[in-house]
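Let me begin by presenting the structure, written as structure tokens, before commenting on it.
Atom set for the values below is all heavy atoms of this structure, side chains included, hydrogens, waters and symmetry mates excluded. The sequence lines fix the lettering, A, B, ..., with proteins before strands; numbering per chain opens at 1.
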Protein chains: 2
Amino acid sequence: MTRPAPVRVVLADDERMVRTALRAILSAEPDLEVVGEAATGAEAVSVVRDLRPDVVLMDVRMPEIDGIRATEQILATLDEPPRIVVVTTFENDSYVYDALRAGASGFLLKRADADALVQAVRLVARSDSLLFPAAVRTLATEHARAHPAPPEWVAKLTGREREVLRHMAQGLTNAEIARRMEVGPATVKSHVAAVLAKTGTRDRTQAVIAAYEAGFLNAG
Amino acid sequence: MTRPAPVRVVLADDERMVRTALRAILSAEPDLEVVGEAATGAEAVSVVRDLRPDVVLMDVRMPEIDGIRATEQILATLDEPPRIVVVTTFENDSYVYDALRAGASGFLLKRADADALVQAVRLVARSDSLLFPAAVRTLATEHARAHPAPPEWVAKLTGREREVLRHMAQGLTNAEIARRMEVGPATVKSHVAAVLAKTGTRDRTQAVIAAYEAGFLNAG
DNA sequence: ATCCGCCTCCGCCGGACGGGGGAGGGCGGC
DNA sequence: GCCGCCCTCCCCCGTCCGGCGGAGGCGGAT
């Protein structure tokens with residue numbers, strides 16, 4: 001069985017120990033070769049540009065430039081960019097979504113065992129067709145659309161005003177809101193007026209639209 | 001180096017040729033063992049229940065029960081369910097999202113080469129920490145929320161009524177809509193009334209809410 | 001002690017909205 | 001030809017809404 005060219009890997013992590021550990025694990029595999037390391041995002045970009053590896057293991061938290069931006073820059077500036085696997089600690093980290101959107105081919109948890117690590121590197125290196133490609137990119141983009149940075153006006157709303165806006169977004173009239181909140185209709189009118197002013201809208205319909213677009217109903 | 005127990009795999013695909021091909025590929029690997037096959041979703045569920053494999057390669061399109069439902073049933077009824085890899089043809093297939101939501105550990109394109117296939121099986125078999133776990137599940141659920149099956153009323157709206165509803169969802173008044181559509185205000189009132197009737201809402205705010213919840217603004 | 005923000009309410013007004021009912025024309029199908 | 005659907009527009013009316021201006025109480029900050 002002929003030996004094909006080994007998979008060339010670059011490690012980007014600001015902690016030396018982590019890099020050493022990763023290198024030790026990967027070097028034990030004859031088909032994997034660690035060709036370079038980087039301790040910052042900026043360094044990662046230049047190292048990758050120079051060495052042209054097949055795979056980059058990219059930590060998210062790094063000085064100067066974080067792993068996400070580094071990923072973006074690498075993918076944007078290189079012709080045949082490497083596959084990038086983003087390394088993170090928590091699997092529900094919001095970094096995950098950013099990483100996907102940035103174009104990472106996958107991500108790996110720091111607590112993954114050595115075996116999973118080498119499998120992942122091999123897999124990512126040769127797959128242009130595996131585990132969650134374009135479809136997941138779509139999802140991440142949707143996620144960003146569904147969870148935009150909440151506009152400033154959200155912070156300016158008082159507690160009562162938020163309640164009223166929520167009720168408005170249920171399609172309730174002022175009178176109904178008054179009953180549910182156990183206050184007078186005039187009070188609701190005041191709150192509604194405040195909401196309209198702070199959201200910069202002119203009627204309840206526009207306010208509700210703003211609430212939807214701001215993702216106000218999911219979080220806030 | 002001691003040989004650990006091989007990864008036990010079940011193949012579920014309605015085409016015999018595909019099963020044969022998959023079996024041939026996987027059987028060439030000493031650490032992988034194909035322990036069973038199924039030609040339908042229902043069969044897949046019972047075979048998996050009997051054989052308790054580590055990994056299932058599940059085709060999406062199958063008679064009786066499709067791969068998605070089979071996946072759901074397997075994951076719901078078994079205590080230590082296998083990892084399920086869903087096999088599909090197009091990577092942007094909506095099946096992908098359903099598969100993720102159903103709890104599949106990954107998916108594989110039919111055009112993936114033999115090497116990617118075995119790597120994927122090994123990877124999925126031993127990773128409870130790899131490539132897009134919980135976070136992606138979250139994304140898929142969001143996707144379902146963002147793209148719900150459009151309610152019946154959408155089909156009942158006439159062309160003009162759809163236009164009016166879109167404009168309503170921009171926060172426009174009847175007069176403004178009339179100007180933009182170059183018709184009289186009375187006409188817009190008629191359309192609005194029809195929209196309210198067909199959507200089962202009582203005012204424009206509720207109609208706009210219904211439009212948002214139905215995903216009417218993205219597609220329809 | 002004072003001020004400010006928030007919550008609570010009041011009255012008045014004009015305009016927008018929604019319900020009801022009707023009507024004419026165009027266009028395609030039976 | 002006729003019926004049905006759609007688009008267009010009309011009047012009347014009651015209600016809801018939003019704008020304006022004002023006011024009292026209360027609690028926290030300075």
Side-chain angles (χ1 to χ4, degrees), chain A residues 150-217 219-220, chain B residues 150-217 219-220:
Chain A
E152 344 57 70
W153 59 256
V154 176
K156 307 208 143 204
L157 293 180
T158 70
R160 251 0 201 178
E161 286 156 5
R162 289 164 199 270
E163 290 183 53
V164 169
L165 179 51
R166 274 182 216 292
H167 285 115
M168 283 194 275
Q170 304 283 334
L172 303 179
T173 66
N174 290 343
E176 288 167 335
I177 296 172
R179 279 195 287 277
R180 299 212 181 178
M181 290 178 64
E182 292 178 329
V183 295
T187 303
V188 175
K189 283 191 70 173
S190 295
H191 292 316
V192 170
V195 168
L196 297 184
K198 291 182 182 177
T199 54
T201 55
R202 68 179 174 209
D203 57 43
R204 67 201 300 102
T205 302
Q206 286 191 352
V208 169
I209 293 169
Y212 265 89
E213 312 251 289
F216 176 81
L217 306 164
Chain B
E152 344 56 71
W153 60 256
V154 176
K156 307 208 144 202
L157 293 179
T158 69
R160 238 23 188 167
E161 286 156 6
R162 290 166 200 271
E163 289 182 55
V164 169
L165 179 52
R166 275 183 215 292
H167 285 116
M168 284 193 276
Q170 304 281 333
L172 303 179
T173 66
N174 289 344
E176 288 168 334
I177 297 173
R179 279 194 288 277
R180 299 212 182 179
M181 290 177 64
E182 292 179 330
V183 296
T187 302
V188 175
K189 283 192 69 173
S190 294
H191 292 316
V192 169
V195 168
L196 297 184
K198 290 182 181 176
T199 54
T201 54
R202 68 178 172 209
D203 56 43
R204 67 201 301 100
T205 302
Q206 286 192 351
V208 169
I209 293 169
Y212 265 89
E213 313 250 286
F216 177 81
L217 307 162

Taken to the nearest 0.5 Å, the spacing of A/Leu217 CG from A/Leu165 CG works out to 7.0 Å

For a quick test of reading the model: is some side-chain N or O of [X] closer than 4.0 Å to OP1 or OP2 of [N]?
X	N	value
B/Arg160	D/dT8	yes
A/His191	C/dC9	no
B/Asn174	C/dC17	yes
B/Thr158	D/dC5	no
A/Thr187	C/dC9	yes

Rounded distance in Å - [atom1] ([X]) to [atom2] ([N]):
X	N	atom1	atom2	result
B/Leu157	D/dC7	CG	P	10 Å
A/Lys189	D/dG21	NZ	P	14 Å
B/Glu176	C/dG15	CD	P	16 Å
B/Arg162	D/dC6	CZ	P	11 Å
A/Lys156	C/dG5	NZ	C1'	13 Å
B/Met181	D/dT8	CE	C1'	11 Å
B/Leu196	C/dG19	CG	C1'	10 Å
A/Glu163	C/dT8	CD	C1'	14 Å

Between A/Arg160 and A/Glu163 (salt bridge meaning N to carboxylate O under 4.0 Å), is one present in this structure? yes

Judged by nearest nucleotide, the residue sitting upstream toward the 5' end of DNA chain C, A/Gly184 or A/Lys198, is A/Lys198

Q.
At 4.0 Å (heavy atoms only), tell me whether A/Ala193 reaches a base, stays on the sugar-phosphate, or touches nothing.
A. nothing

In terms of heavy-atom contacts, B/Arg204 and B/Leu196 come closest through N-CD2, 4.0 Å

- Query: Would you say the side chain of B/Arg202 lies within less than 4.5 Å of the side chain of A/Thr173, judging by non-hydrogen atoms?
  - Reply: yes

Between [options], which nucleotide gets closest to the side-chain atoms of [X]?
X	options	result
B/Val192	C/dC9, C/dC7, C/dG18	C/dG18
A/Ser190	C/dG18, C/dC7, C/dC9	C/dC9
A/Arg204	C/dC7, C/dG18, D/dC17	D/dC17

### Message
Can you confirm if the NZ or CZ of A/Arg162 lies within 45° of the ring axis of A/Phe216 and under 6.0 Å from the centre of its six-membered ring?
### Response
no

